[in-house]
Structure formats: C-alpha cells, structure tokens
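Just below is one structure, and these are the notes that go with it.
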Amino acid sequence: MEQLYLVGFLGAAAAILFAWVQSRRVLSYSEGSEAMRKIAAAIRSGADAYLKHQYATVAKVFLVVFVLLLLMAFGTGGEMLSRFTPFAFLTGGVWSMLSGLVGMKIATSANARTAQAACGWPSPPAR
C-alpha cells in the first residue's frame, strides 16, 4: 500500500508515451499541396500569436494569485494555508500552460493533414 503512489507516476508515463506515439503518427502524414501547407503555416502563426497573448495575460493574473497565496501561507506561519500550496499552484499552472501549448501545436499540425486526408490524395503512409 505504501508504494501505491507509483501507479500515478506509471500512469502519467504511459499517457505521455501514448501521446508522443500518436503525435508522431499524425505528423507522418502529408500536409497536402503547397496551398494547403501555406494555409496551415498561417493558421499555426495565428495560433502562436494567440497563445503568446493569452499566456502573457494569464501570467499577470497568475503572478498576483501566487503572491497572495505566498502571503497567506508564509504570513500566517502556515496556519491559514499550507506552505506547499503556493508551489502546488505554481506547478499546476505551469503544467496546465504546457499542456495547452502542446495541444495547440499538435492540433494546428493535424488540421491540414486532416483536410488532405479528407480529399483522398495522396495516400497516407503504409503502416
């Protein structure tokens, strides 16, 4: 029972491995014609600009909340909040932002490939 926490780490490692394998599989397909690749590049550029703006805004709010949590945890000697709470908040926020970034990257990389596959040309790679 003491080593039950390992299940979480093993599950996370399996999920990351599965996501990596699936992303490699998606990226192995063609983006289609030159026009489709140009449109896909424009979509990726727009998505990158959106994420940059969103993360800059969220970072400001995030910093204010983090400082408030620090003050609540350390200003009260750990009575109001655990001293780990601000750092758990920080860790959760970083992983959340990273998952959003990775998700947006794979989604914008997959959209032209999906459109190309729907057209039926050229054939996907053999498996």
Side-chain angles (χ1 to χ4, degrees):
M1 200 66 168
E2 294 172 2
Q3 296 181 359
L4 197 56
Y5 70 91
L6 289 176
V7 173
F9 288 113
L10 292 175
I16 290 171
L17 178 64
F18 178 77
W20 180 78
V21 167
Q22 291 301 323
S23 71
R24 296 294 105 201
R25 184 175 173 202
V26 166
L27 295 177
S28 71
Y29 290 93
S30 169
E31 279 193 307
S33 67
E34 180 62 34
M36 291 173 77
R37 287 191 297 272
K38 188 175 181 181
I39 292 168
I43 291 170
R44 278 192 292 276
S45 176
D48 289 343
Y50 165 77
L51 280 180
K52 183 178 179 181
H53 180 72
Q54 180 184 14
Y55 285 175
T57 303
V58 169
K60 294 170 189 168
V61 173
F62 194 82
L63 182 62
V64 169
V65 173
F66 178 68
V67 169
L68 288 173
L69 289 173
L70 277 175
L71 291 172
M72 289 170 64
F74 288 92
T76 63
E79 290 180 21
M80 184 178 266
L81 282 179
S82 166
R83 291 183 177 169
F84 292 108
T85 301
F87 303 105
F89 176 77
L90 182 65
T91 304
V94 168
W95 285 111
S96 178
M97 291 175 80
L98 182 61
S99 68
L101 177 67
V102 170
M104 183 69 85
K105 291 292 183 185
I106 193 67
T108 56
S109 295
N111 64 15
R113 289 166 172 86
T114 303
Q116 182 274 332
C119 293
W121 46 267
S123 298
R127 293 188 190 129

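All heavy atoms count here, side chains included; hydrogens, waters and symmetry mates do not. The shown structure was predicted, so the numbers you read here are calculated from the model rather than taken from an experiment.
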Item to complete: With the side chain counted from C-beta on, respond yes when V26 and S109 share a heavy-atom pair under 4.5 Å apart, and no when they do not.
Response: no
Fill in: Considering all heavy atoms, the nearest G32-S30 contact
N-OG, 3.0 Å
Worksheet entry | W95 with V102, same ILVMFWY side-chain cluster at under 4.5 Å | yes
Practice prompt. Classify the ring geometry between F62 and F89 as parallel (under 30°), tilted (30 to 60°) or perpendicular (over 60°).
Written response: parallel
Worksheet item: Quick one: do L70 and V65 end up in the same hydrophobic cluster if we chain Ile, Leu, Val, Met, Phe, Trp and Tyr together by side-chain heavy atoms under 4.5 Å apart?
Response: yes
Practice prompt. Test salt bridge (Lys or Arg N to Asp or Glu O under 4.0 Å) on E31 and R37 and set out the steps.
Written response: CA-CA 6 Å; E31 279 193 307; R37 287 191 297 272; 5.6 Å; no
Item to complete: Evaluate the criterion side-chain contact (heavy atoms from CB on, under 4.5 Å) for residue pair L27 and R113; output intermediate values, then yes/no.
Response: CA-CA 8 Å; L27 295 177; R113 289 166 172 86; 3.9 Å; yes
Item to complete: Mind running side-chain contact (heavy atoms from CB on, under 4.5 Å) on T76 and L71 for me, showing each step along the way?
Response: CA-CA 8 Å; T76 63; L71 291 172; over 6 Å; no
Worksheet, complete the sentence: Rounding to 0.5 Å, atoms NZ (K38) and CD1 (I43) come to a distance of 13.0 Å
Worksheet entry | Cluster link M80 to L90, ILVMFWY, side chain under 4.5 Å | yes
Discussion item. Restricting to side-chain hydrogen bond (donor to acceptor under 3.5 Å, both in side chains), what partner residues turn up for K105, sequence neighbours left out?
Written reply: D48
Worksheet item: With no hydrogens and no angle check, is any side-chain donor or acceptor of T85 less than 3.5 Å from a backbone partner on L81?
Response: no
Item to complete: Report yes or no: do V67 and L69 belong to one cluster of Ile/Leu/Val/Met/Phe/Trp/Tyr joined by side chain heavy-atom distances under 4.5 Å?
Response: no
Response to the item:
Sorted by chain and residue number, the side-chain hydrogen bond (donor to acceptor under 3.5 Å, both in side chains) partners of Q22 (sequence neighbours excluded) come out as none
Discussion item. Tell me whether the count of non-hydrogen atoms from other residues, nucleotides or ligands lying under 6.0 Å of OH in Y50 goes above 12.
Written reply: no
Practice prompt. Would you indicate whether Y55, at its atom OH, is surrounded by more than 12 heavy atoms from other residues, nucleotides or ligands within a distance under 6.0 Å?
Written response: yes
Worksheet item: So how far is it from L63 CG to F66 CZ, rounded to the nearest 0.5 Å?
Response: 8.0 Å
Item to complete: May I ask whether L101 and M104 are part of the same hydrophobic cluster, defined by side-chain heavy atoms of I, L, V, M, F, W, Y residues being less than 4.5 angstrom apart, directly or through others?
Response: yes
Discussion item. How close do T108 and R44 get, counting heavy atoms only, and between which atoms?
Written reply: OG1-CG, 3.4 Å
